[in-house]
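Heads up, the thing below is written out as structure tokens.
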Amino acid sequence: MSEVTAHRASILHCLRDPSDDKDPLAVGSVEYFEDGLLVVADGYVDRLGPAEALLKELPSNVKVVEHGDKLIIPGLIDCHVHYPQIDIIASYGERLLDWLEKYAYPAERKFADPEHAKEVAKFFVQELLRNGTTTACVFATVHPQSVDAIFEAASKYGMRLIAGKVLMDKNCPEDLRDTPETGYEQSRQLIEKWHGRDRLSYAVTPRFAITSSEEQLRQAGRLLKEYPDVYLHTHLAENEEEVAQVARQFPWSCSYLDVYEHFGLVREGSVFAHCIHMHDDDRKLMARKGAAMVFCPSSNLFLGSGLFDLAAARRCSVRVGAGSDVGGGTTLSMLLTLGDTYKVLQLNKQSLSPFGGLYLGTLGAARALYLDNCIGNFAERKEADFLVLEASGTAISRRRWDNAATIADRLFCQFVLGDNRISGGSFVSGEPALTLA
Ligand SMILES: [Zn+2]
């Protein structure tokens with residue numbers, strides 16, 4: 001006998017990319033029910049529709065959860081974040097390469113201790129869920145035990161999570177280095193242990209081209225050949241000094257992306273954070289290969305890295321998701337991150353509609369991660385990950401929410417004023433997430 005629960009609230013989700021639609025609700029790229037019902041059976045979406053009509057069809061013993069005037073949207077997806085850096089979020093005064101030396105590496109060194117890794121992983125997963133993030137693509141550290149810790153924590157909460165051990169064997173502190181051989185072997189063991197278990201997936205994770213020898217990048221390519229359905233997760237063209245250093249370090253390469261391409265790392269399921277300082281030829285190559293970009297606006301602003309060109313990515317048909325990139329990013333809230341995408345695009349004389357933002361944080365991100373067959377919206381049989389939004393956090397957000405004229409307006413003010421205090425709760429596979437562990 002299946003377990004069925006229905007959630008009644010205003011419900012909003014994307015059916016496809018609404019960015020080019022003048023009126024997404026009219027053409028059906030976005031669907032909205034003012035008084036809607038989301039029916040969940042055994043953790044999957046069973047049905048979605050207007051509450052009054054659906055309630056008549058449901059058996060009388062189905063539990064109906066009344067959420068009042070709250071808004072249900074699909075669970076948010078953070079396509080790029082470093083869990084070991086949660087303790088150095090908001091660290092002052094550096095750009096990327098110095099920031100790594102001064103803050104990131106000392107924080108990551110502590111993950112040699114498995115107890116520390118466990119404590120941080122638990123806190124991190126709870127914070128993701130508190131902020132409405134139900135799927136994340138996560139950097140661990142060079143230590144295999146850091147990967148065990150984050151997968152164990154995600155698994156306890158039934159969360160969908162992609163993670164991997166950082167590969168780095170040069171240009172970083174001695175005590176944070178692996179070797180091409182140990183990096184390969186540890187990754188292989190972690191893939192065998194975790195990939196495909198529960199809702200967990202593995203990502204081969206070279207930090208970036210600068211911190212890997214050519215042999216290590218070759219070994220990363222070997223892992224992808226041996227395990228074709230794992231992800232590749234790394235950084236690309238975040239900062240101008242970084243791009244210049246890559247050109248010096250790999251003098252034979254035509255571009256930064258060409259380094260990764262040379263070693264077979266650009267393919268479906270490859271996730272490249274940032275992608276700011278690059279040309280259309282590389283964007284087109286990414287599109288052809290099915291690789292994805294991650295737009296990390298708060299990090300790009302905070303570290304002064306540059307402005308992501310969403311129009312160019314769209315022109316070249318590249319898959320794009322959004323990422324918090326904590327600790328370079330300044331919030332784990334994907335609502336606020338989507339607000340920051342809007343601000344970065346404003347500086348770049350581009351724009352992003354409220355529904356375009358919703359797409360970037362849900363179905364578009366799911367597509368970037370090749371997970372749109374199982375998450376990203378409320379299509380039938382997808383995993384029932386969702387977020388109940390309410391504007392009860394601050395006086396100003398409540399007031400603004402009450403003054404919103406349309407659903408687009410109501411959504412957009414959450415991107416700008418939102419934080420975890422306005423989340424009425426995250427649900428994973430239909431269950432209230434924070435009650436699960
Ligand atoms: Zn990053």
Side-chain angles (χ1 to χ4, degrees), residues 77-91 94-109 111 120-121 124 127-128 133 135-142 146-147 150 161-168 171-172 176 203-212 220 231-243 245-246 256-257 260 265 270-278 291-308 320-334 336-337 340-341 344 365 368-369:
I77 300 171
D78 188 341
C79 294
H80 177 68
V81 57
H82 301 249
Y83 97 85
Q85 295 178 10
I86 191 72
D87 289 337
I88 53 155
I89 189 171
S91 289
E94 303 295 344
R95 287 162 57 82
L96 175 66
L97 300 178
D98 295 327
W99 191 86
L100 287 172
E101 293 288 341
K102 191 166 171 185
Y103 299 116
Y105 294 149
E108 294 187 14
R109 193 170 280 129
F111 285 72
V120 178
F124 175 81
E127 279 301 294
L128 287 184
T133 297
T135 293
C137 185
V138 182
F139 258 65
T141 67
V142 74
S146 71
V147 180
I150 191 68
L161 191 119
I162 302 163
K165 180 203 113 71
V166 171
L167 301 170
M168 52 182 185
N171 295 327
C172 64
L176 284 175
V204 173
T205 310
R207 172 166 231 116
F208 60 164
I210 290 175
T211 45
S212 283
Y231 290 88
L232 180 283
H233 186 194
T234 190
H235 297 91
L236 171 63
E238 174 174 2
N239 160 295
E240 281 168 328
E241 291 91 47
E242 171 209 11
V243 174
Q245 191 171 330
V246 170
Y256 194 158
L257 184 71
Y260 294 137
L265 307 185
S270 293
V271 180
F272 294 100
H274 305 300
C275 304
I276 296 171
H277 306 285
M278 61 193 295
M293 295 177 168
V294 189
F295 181 2
C296 304
S298 85
S299 168
N300 298 158
L301 293 170
F302 189 72
L303 296 177
S305 301
L307 305 176
F308 182 80
V320 182
S324 69
D325 193 28
V326 163
T330 53
T331 178
L332 279 180
S333 163
M334 287 308 293
L336 289 179
T337 299
D340 284 340
T341 65
V344 164
L369 299 176

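Here the structure is a predicted model, which means the values were calculated and not measured. Whatever order the structure lists them in is the order used to number ligands and atoms, beginning at 1.
For the pairing with Ser299, the side chain to side chain donor-acceptor pair (under 3.5 Å) check across Thr337, Asp325, Thr331 returns one residue only, Asp325.
In this structure, a donor-acceptor pair under 3.5 Å is present between the side chains of His80 and His82.
The ring of Phe139 has its center closer than 6.0 angstrom to the ring center of His235.
With sequence neighbours left out, Glu242 forms a salt bridge (charged side-chain N to carboxylate O under 4.0 Å, His left out) with no residue at all. Take Glu241 and apply the salt bridge (charged side-chain N to carboxylate O under 4.0 Å, His left out) test, not counting sequence neighbours, and it matches Arg95. Residues forming a side chain to side chain donor-acceptor pair (under 3.5 Å) with Asp340 (at least two apart in sequence, or on another chain): none.
Excluding water, every protein N/O/S atom under 2.8 Å from the Zn ion (ligand 1) is given here by residue and atom: His80 NE2, His82 NE2, His235 NE2, Asp325 OD1.
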